[in-house]
Structures are given as structure tokens and as C-alpha cells.
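I have placed the structure first, in the form of C-alpha cells, so that the comments after it can refer back to it.
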Amino acid sequence: MAKTTEELKNELKSIRTNERLTEWLDENKGDNIRFCDYLNEVCDKNGIRLSSLEGKVALSKAYIYALANGTKNPAKEAVIKIALGINATVEETNQLLKLSGNKELYPKKEEDAVIEFGIQQHLTVYEIEELLKSRGLAMRLTDER
């Protein structure tokens with residue numbers, strides 16, 4: 001699994017020479033993982049098949065497979081839906097968000113705090129949607145309008 005930003009920062013702080021920096025940069029090239037690769041890695045780790053997600057996450061099977069093979073880049077809502085469907089942790093969800101070009105969950109933002117709570121409590125996409133609605137928040141995780 002890719003190192004966290006914090007781990008990379010700590011390692012970088014300990015480097016004292018240009019030679020060691022060059023070695024470190026070469027060692028960490030592999031951390032440039034794509035969204036689709038990390039998505040598949042988390043699915044494998046959690047024993048989740050992509051074909052089982054369609055009804056759980058309010059996304060079409062075609063879209064899910066397009067994300068998994070790298071032909072589509074998802075918006076924040078789609079990443080969160082997928083993360084919930086594959087039982088991703090908050091850390092894995094944030095990594096998926098970063099790799100897809102979205103911002104990580106930010107607990108000072110009420111909407112993100114509700115989502116992070118939902119992930120920690122293993123709520124479904126539909127249960128989190130209800131929590132968001134009860135707070136008058138705009139993010140839509142389900143197809144219901």
C-alpha cells in the first residue's frame with residue numbers, strides 16, 4: 001500500500017545528503033499509484049467484487065467498471081459511494097479521493113464530518129444520505145431527488 005503523506009514527510013525530514021535524497025526519490029517512485037489501481041487493491045483486500053456494488057452504491061455497473069479500469073475519473077460523490085461499497089476506511093477513502101483529483105474529507109466541513117462518521121460507523125450510502133438530508137446538506141449520494 002502507498003505510504004501516507006505524513007510517512008513521506010517524516011522520511012524526507014531525516015534525509016541529510018543529496019545522494020540519500022536521490023535514493024529516496026527512486027525508492028518512492030512506486031507510490032505514484034493510479035486511482036483505478038488503488039481501487040482494485042482495496043477491493044481485493046476487502047474481498048469485494050466490483051460486480052456486487054451496483055445496487056449498493058447507486059452507480060451503474062458500466063460506470064463502476066470504467067472507474068476500475070481507468071477510463072473514467074470520478075467526482076467526489078462517486079468516490080465516496082465506491083468507498084462505502086468496498087468498506088474502505090477513512091484513510092483509504094481519503095487516498096481514493098486524492099488519487100481521483102478530489103480533496104480529502106475535511107472534518108471542519110459539516111458534510112465531510114457526516115460522511116467520515118458514516119464510514120467509521122459502517123453506515124450504508126443510503127443511511128449517510130439520510131444523515132446529510134437531516135442536516136440540510138446538499139451532497140447527493142443516492143439517485144433519489
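Values below: all heavy atoms of this structure, side chains included; hydrogens, waters and symmetry mates excluded.
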Nearest atoms (heavy-atom pairs only) where Ala75 meets Tyr63: N-OH, 4.2 Å
Looking at every non-hydrogen atom in both residues, tell me the closest pair between Leu59 and Ala78 and how far apart they are. CD1-O, 4.1 Å
How about Leu21 and Leu12: do any of their side-chain heavy atoms sit closer than 4.5 Å? yes
Do Lys109 and Lys103 make a side-chain contact, defined as non-hydrogen atoms from C-beta onward lying under 4.5 Å apart? no
Expected output: side-chain Asn102 to main-chain Pro74 donor-acceptor under 3.5 Å: yes
Distance, nearest 0.5 Å, that separates CD1 of Ile115 from CD of Glu77: 8.0 Å
Shortest non-hydrogen contact from Asn73 to Ser100? ND2-O, 3.0 Å
Within-4.5 Å side-chain heavy-atom neighbours: Tyr65 and Leu53: no
Going from NZ on Lys13 to NZ on Lys9, what distance comes out if it is rounded to the nearest 0.5 angstrom? 7.5 Å
Check whether Tyr126 and Ile82 end up in the same hydrophobic cluster, where Ile, Leu, Val, Met, Phe, Trp and Tyr are linked by side-chain heavy atoms less than 4.5 Å apart. yes
Looking at Lys72, I'd like to know if its NZ atom is crowded, meaning that more than 12 non-hydrogen atoms belonging to other residues, nucleotides or ligands lie closer than 6.0 Å. no
Between the side chain of Asp112 and the main-chain N/O of Pro107, is any donor-acceptor distance below 3.5 Å? no
Rounded to the nearest 0.5 Å, the CD1 atom of Ile48 sits from the CG atom of Asn40 at a distance of 12.5 Å
What's the spacing between Leu39 CG and Gln95 CD if we round to 0.5 Å? 12.0 Å
Working for side-chain contact (heavy atoms from CB on, under 4.5 Å), residues Lys45 and Glu92: CA-CA 11 Å; Lys45 180 185 87 88; Glu92 290 166 337; 2.8 Å; yes
Are the side chain of Asn94 and the backbone N or O of Glu104 linked by a donor-acceptor pair below 3.5 Å? no
In Å and rounded to the nearest 0.5 Å, what is the CD to CZ distance from Glu27 to Arg20? 4.5 Å
Show the nearest heavy-atom pair for residues Leu96 and Ile86, with the distance to one decimal. CD1-CD1, 4.2 Å
Pick one: which of Asn87, Val114, Leu105 meets side chain to side chain contact (heavy atoms under 4.5 Å, CB included) with Ile119? Leu105
Show your working on side-chain contact (heavy atoms from CB on, under 4.5 Å) between Ile128 and Phe117 and close with a plain yes or no. CA-CA 9 Å; Ile128 293 172; Phe117 170 82; over 6 Å; no
Answer yes or no: is there a side-chain heavy-atom contact under 4.5 Å between Lys56 and Thr124? no
Between Ser134 and Leu131, the two heavy atoms sitting closest are OG-O, 2.7 Å
To the nearest 0.5 Å, what is the distance between NZ (Lys81) and CD1 (Ile64)? 9.5 Å
Least distance between heavy atoms, Thr93 atom then Ala83 atom: OG1-CB, 3.4 Å
